[in-house]
Amino acid sequence: MIYEKNLEALKMRRGDIYEYMVSHEDKCDNEIFKIEQAKNGEPIIVYNFEGMELILNSTYNPSKEAERFLKEEISMPDESILTMFGISNGSFAREFINKNSKTATCLIYEPSVDLFVKVFHSIDISDIIMSDKVLLVVKGINDELFNYSLSKLVQIHNVRTNKHIALPKYAELFRQDLEDVVITLNEQYDRITAESNTVTTYGRKTCVNSIFNMKYLRGCRSGRDYVGHFPEDMPVIIVSAGPSLEKNIDLLKEAKGKALILAVDTALPKVLRRGIKPDLTISVDYSKGWHHFTLEGTNEIPFIADIDTNHDILNLVKPKHVIFDSADSLVWSELFQKVGSDIWQIDEGGSVSTAAISHMMAWGFKRIILVGQDLALTGNKVHADEGVSDVNNLKWDTTYVKDAEGNDILTRKDYCIYIRWIEDMAYKYSDVDIIDATEGGAFKKNTRVMTLKEAIDAYCTKEYDVESLILGTKRLFEDKDFGLVLDALKSMKSNFVNLRKLLKEGAADCRKGSIMLSGGDFNVKELKRINAFIGKLDEKLMDSKEQIYLAKYVSNADVEFADDIYVEEEDDIKESIRMYNKSEEYYTKVADAIPDIVDIIDRCVTMLDKELATKEE
C-alpha cells in the first residue's frame with residue numbers, strides 16, 4: 001500500500017524517478033539499509049554493512065529531532081533555497097514543508113539510490129513528493145536535475161539567504177558525494193558572483209550598446225525567422241578557439257557545404273587564415289576587442305549579434321548581413337513585430353561559445369558538432385596558438401576537471417561555469433545530439449565524444465546551398481520602415497523624462513515616510529498615500545518598455561537593492577524604515593542616471609539623422 005501510494009505521487013510529479021522505480025521494483029531487497037521503529041512508533045533507518053552500524057534518526061522521536069535540527073531553516077525568507085543532503089526517513093523534509101510558510105524551496109539530493117528505494121517501499125513520503133516546496137534528486141536516477149535546478153534557483157537576490165545542510169550521519173556515510181555537492185554549490189555561487197561583477201562593471205556599456213545598436217537595425221535579419229528554416233538533417237559545426245582547434249581545423253574544409261559552419265569571434269581569424277570561410281560568425285560580448293575582426297573579407301560573413309554586442313565592432317566591421325537574434329528590450333520586441341517579425345531573449349550561457357550553442361538550438365538544429373570547445377588549458381594553452389609560459393603564475397583562478405579519459409586537466413575556474421551550462425543544456429534538450437569533437441579539453445556530460453573526422457564522415461554527407469539558406473530570409477527596417485526606429489528612440493527619450501519626474505517624487509516620499517516613522521509620527525492617512533504612490537511607481541517601472549535600459553545603466557543600484565531585499569527586520573516599523581531608505585536611495589540613483597541615458601539617445605538620433613540626410617543627397 002505504501003509503495004503504491006508513493007508510486008502514484010511520483011507518476012503525477014516526477015516522471016523521471018517514476019520510470020526508474022517501475023523498472024527496478026525488485027531493487028528493494030538490499031540488506032544494507034533496514035527500516036526499524038523509534039520509541040514513538042515512527043520509522044527510522046539503520047545502516048548496517050561490514051560490521052558498521054549507523055542509525056540515521058533519533059531512536060526516541062524522529063520528528064522532534066527534525067524540529068530541533070531545522071530550527072533556523074523553517075524561517076527562511078521568501079525565494080530562498082535550502083539544499084538538503086539526504087532524504088533519510090522523510091521527517092526533515094516534512095518539517096520544512098509544514099513549518100516554513102514562506103515561498104522557499106527545498107532541493108533534496110539523496111546520494112544513495114539503495115536508501116531511497118528502501119524508503120520508497122517502506123515509508124509514506126507521498127506528501128514530500130507532491131509538495132510544491134520540494135525538488136527531489138536521487139543520485140543514479142536524475143542527477144542532472146540538481147545542477148539544472150541550481151542554475152535556475154540560485155540568483156543574486158537569494159545568495160545571502162540560501163542555506164545548505166547535510167542530514168545526520170550522511171556526511172559520515174557519503175563523504176565524497178557531499179564534497180561533490182559542495183563543489184557544485186560553490187560553482188553556482190561563483191556563477192552568480194561572476195554575473196554580478198560583470199553586470200556592475202559593464203552595465204553602462206551594455207546600455208550604451210543596446211541603444212547604439214539600433215543604428216544597425218536597418219537591413220538586418222531576425223534570428224526568429226531562421227527557426228525551422230534549415231533542413232532537419234543538416235548539422236551545424238560550432239568552431240571555438242580552444243587549444244585543440246589546431247588538431248583538426250583543416251578538416252573543416254571537408255565539411256564546407258555539408259554543414260553550417262559557425263565560427264565564434266575568437267576563432268574567426270584562425271579559420272580565415274587557413275583559407276576557410278565560415279558560413280556565420282557570432283559576437284555577443286559587450287566589450288569584445290576589435291582585433292578579431294581585422295582580416296579582409298570579415299564583413300562578407302553573416303554576423304549574429306544581440307542587443308548588447310559591442311557596437312564598436314559593428315561600426316568597425318560594417319557587416320553586409322547582420323542577424324539580430326536576442327534582445328531583452330520591449331522596445332526592440334515591438335519594433336520587430338511592427339515589421340512582421342519578432343525577436344526573443346536567449347540564455348547565452350556567459351560566453352560566446354555557449355551563446356552559439358544556444359542560438360543554434362533555438363534555430364532548431366538537432367545535431368550540433370563542437371570543435372575547439374576545450375574549456376581547459378590543453379597543452380598549457382588558453383586558446384589555439386596561445387601558449388601559457390607558466391601555469392603557476394596565471395591571472396585566473398584555476399582548478400582541475402576530468403577529460404574524456406578520466407584524467408585530471410587544468411582549467412580556469414570560470415570555465416567550470418560554462419562546462420556546467422553545456423551539461424545542463426544537453427540534459428534539458430536531450431533531443432539535440434551534441435557531439436564534442438574537440439579532441440581534447442574537459443569532458444562534458446550528456447554529450448557524445450568523437451573525432452571531427454568521425455563526425456564529418458558520419459553526418460556531413462549531403463550537399464546544401466548554405467549561403468542561399470542564410471540569405472533566404474527577409475531584410476528588415478529598410479526604406480520607410482527605418483523611420484520606426486527613429487520614432488522609437490524619440491519615444492524612449494520622452495518616456496525617460498516623464499519617468500525621472502516620478503522617481504524624484506518617489507524618493508521624496510520615501511524620505512518623508514522614513515522620517516515620520518523614525519520620529520514616531522504614525523500619520524496613517526499620509527503613510528497610506530505614500531505607499532500607494534510607491535506601489536504605482538514600482539508598477540510603472542516594471543511595466544516600462546525602457547526599464548531594461550535603466551537596469552543596465554544603474555546595475556550597481558539594482559544589485560545593491562536586490563542583495564538583501566528578503567533579509568527582513570523582525571520589528572515591522574524598523575523593516576518599513578529600512579525599505580523606505582532603500583527605495584529612496586534606489587529611486588535617486590535611477591533618476592540621476594536618466595539624463596545620461598537621454599544624452600546617449602540624442603547622440604544616436606543625431607547620427608541617424610545625418611546618415612539619412614547623406615543618403616538622400
Side-chain angles (χ1 to χ4, degrees), residues 75-80 101-104 155-161 196 199-200 203-204 206-207 210 328-331 333-334 491-598 601:
S75 60
M76 291 174 67
D78 284 327
E79 305 294 329
S80 300
S101 60
K102 305 286 187 176
T103 57
Q155 300 297 330
I156 185 63
H157 67 264
N158 60 24
V159 164
R160 292 178 60 183
T161 59
S196 177
V199 165
T200 55
R204 292 192 176 192
T206 62
C207 178
S210 58
D328 52 8
S329 163
L330 286 173
V331 174
S333 180
E334 288 187 4
S491 176
M492 284 170 61
K493 176 181 176 179
S494 175
N495 291 339
F496 275 127
V497 171
N498 293 332
L499 189 58
R500 184 169 189 257
K501 180 182 177 183
L502 294 175
L503 286 165
K504 291 176 80 66
E505 290 178 16
D509 268 355
C510 286
R511 183 166 59 257
K512 183 176 182 180
S514 176
I515 292 171
M516 288 172 63
L517 290 180
S518 298
D521 178 6
F522 301 105
N523 184 331
V524 176
K525 184 177 180 180
E526 180 62 8
L527 289 172
K528 283 185 175 180
R529 183 200 67 78
I530 290 172
N531 291 340
F533 182 81
I534 292 172
K536 290 180 180 179
L537 176 57
D538 287 342
E539 187 176 335
K540 186 173 183 63
L541 266 175
M542 290 300 296
D543 294 341
S544 168
K545 292 187 294 184
E546 293 79 23
Q547 187 272 339
I548 189 62
Y549 299 95
L550 288 171
K552 290 174 180 179
Y553 201 81
V554 292
S555 51
N556 275 321
D558 263 14
V559 170
E560 289 169 6
F561 188 82
D563 181 50
D564 64 349
I565 189 66
Y566 293 114
V567 181
E568 301 176 1
E569 294 277 1
E570 292 184 7
D571 182 89
D572 289 343
I573 301 299
K574 289 182 178 179
E575 174 60 15
S576 294
I577 294 171
R578 184 183 79 92
M579 289 307 300
Y580 277 141
N581 291 338
K582 280 182 69 70
S583 297
E584 179 194 355
E585 181 181 10
Y586 178 74
Y587 294 152
T588 300
K589 287 182 178 179
V590 176
D592 289 346
I594 286 179
D596 291 343
I597 300 175
V598 167
I601 294 172

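All of these numbers come straight from a predicted model, not from anything done at the bench.
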* Can you tell which of Thr588, Asn498, Leu541 makes a side chain to side chain contact (heavy atoms under 4.5 Å, CB included) with Leu503? -> Leu541
* Note, Phe496 side chain near Leu550 side chain (heavy atom, < 4.5 Å) -> yes
* Least distance between heavy atoms, Ala104 atom then Pro77 atom -> CB-O, 4.0 Å
* Asked: Where do Glu79 and Asn158 come nearest, in terms of heavy atoms and distance?
  -> O-ND2, 3.0 Å
* **Heavy-atom pair with the smallest gap, counting every atom of Tyr549 and Cys207** => O-SG, 3.5 Å
* Which distance, rounded to the nearest 0.5 Å, do you find between the CD of Gln547 and the CG of Leu330? -> 9.0 Å
* Asked: How many angstroms lie between NZ in Lys493 and CD1 in Ile601, if you round to the nearest 0.5 Å?
  -> 8.5 Å
* For side chain to side chain contact (heavy atoms under 4.5 Å, CB included), just list the numbers for Thr161 and Met76, CA-CA rounded to whole Å, side-chain angles, deciding distance to a tenth of an Å, and then say yes or no. => CA-CA 7 Å; Thr161 59; Met76 291 174 67; 6.0 Å; no
* Trace of the side chain to side chain contact (heavy atoms under 4.5 Å, CB included) decision for Met516 with Lys512 -> CA-CA 6 Å; Met516 288 172 63; Lys512 183 176 182 180; 4.0 Å; yes
* **salt bridge (Lys or Arg N to Asp or Glu O under 4.0 Å) assessment of Glu585 paired with Lys582** => CA-CA 5 Å; Glu585 181 181 10; Lys582 280 182 69 70; over 6 Å; no
* Charged N-O contact under 4.0 Å between Lys536 and Glu539 -> no
* Asked: Are Tyr580 and Asn531 close enough, and set up right, to give a side-chain hydrogen bond (donor to acceptor under 3.5 Å, both in side chains), and what steps lead you there?
  -> CA-CA 10 Å; Tyr580 277 141; Asn531 291 340; 2.7 Å; yes
* Look up atom CG in Asp592 and atom CZ in Arg500, then write down how far apart they are to the nearest 0.5 Å. => 6.5 Å
* Asked: What is the distance from atom CE of Met579 to atom CD1 of Ile577, rounded to the nearest 0.5 Å?
  -> 13.0 Å
* **Trace of the side chain to side chain contact (heavy atoms under 4.5 Å, CB included) decision for Asp328 with Lys552** => CA-CA 11 Å; Asp328 52 8; Lys552 290 174 180 179; 3.1 Å; yes
* Structure fact -> Correct closest heavy-atom pair for Glu584 and Cys510 would be CB-CB, 3.7 Å
* Which heavy atom of Leu537 sits nearest a heavy atom of Gly506, and at what distance? -> CD2-CA, 3.9 Å
* Asked: Just by modelled atom types, is the Ser491 backbone N or O under 3.5 Å from a matching donor or acceptor in the Ser494 side chain?
  -> no
* Any chance you could measure Phe533, atom CZ, to Asp538, atom CG, to the nearest 0.5 Å? => 10.0 Å
* To do: Walk me through it: do Tyr553 and Ile594 pass the test side chain to side chain contact (heavy atoms under 4.5 Å, CB included)?
  => CA-CA 9 Å; Tyr553 201 81; Ile594 286 179; over 6 Å; no
* Kindly give the heavy-atom pair with the smallest separation between Leu527 and Gly513, and that separation in Å. => CD2-CA, 4.2 Å
* Is the closest basic N to carboxylate O distance between Glu575 and Arg578 below 4.0 Å? -> yes
* Asked: When rounded to the nearest 0.5 angstrom, what is the spacing between CD in Glu505 and CD1 in Ile530?
  -> 12.5 Å
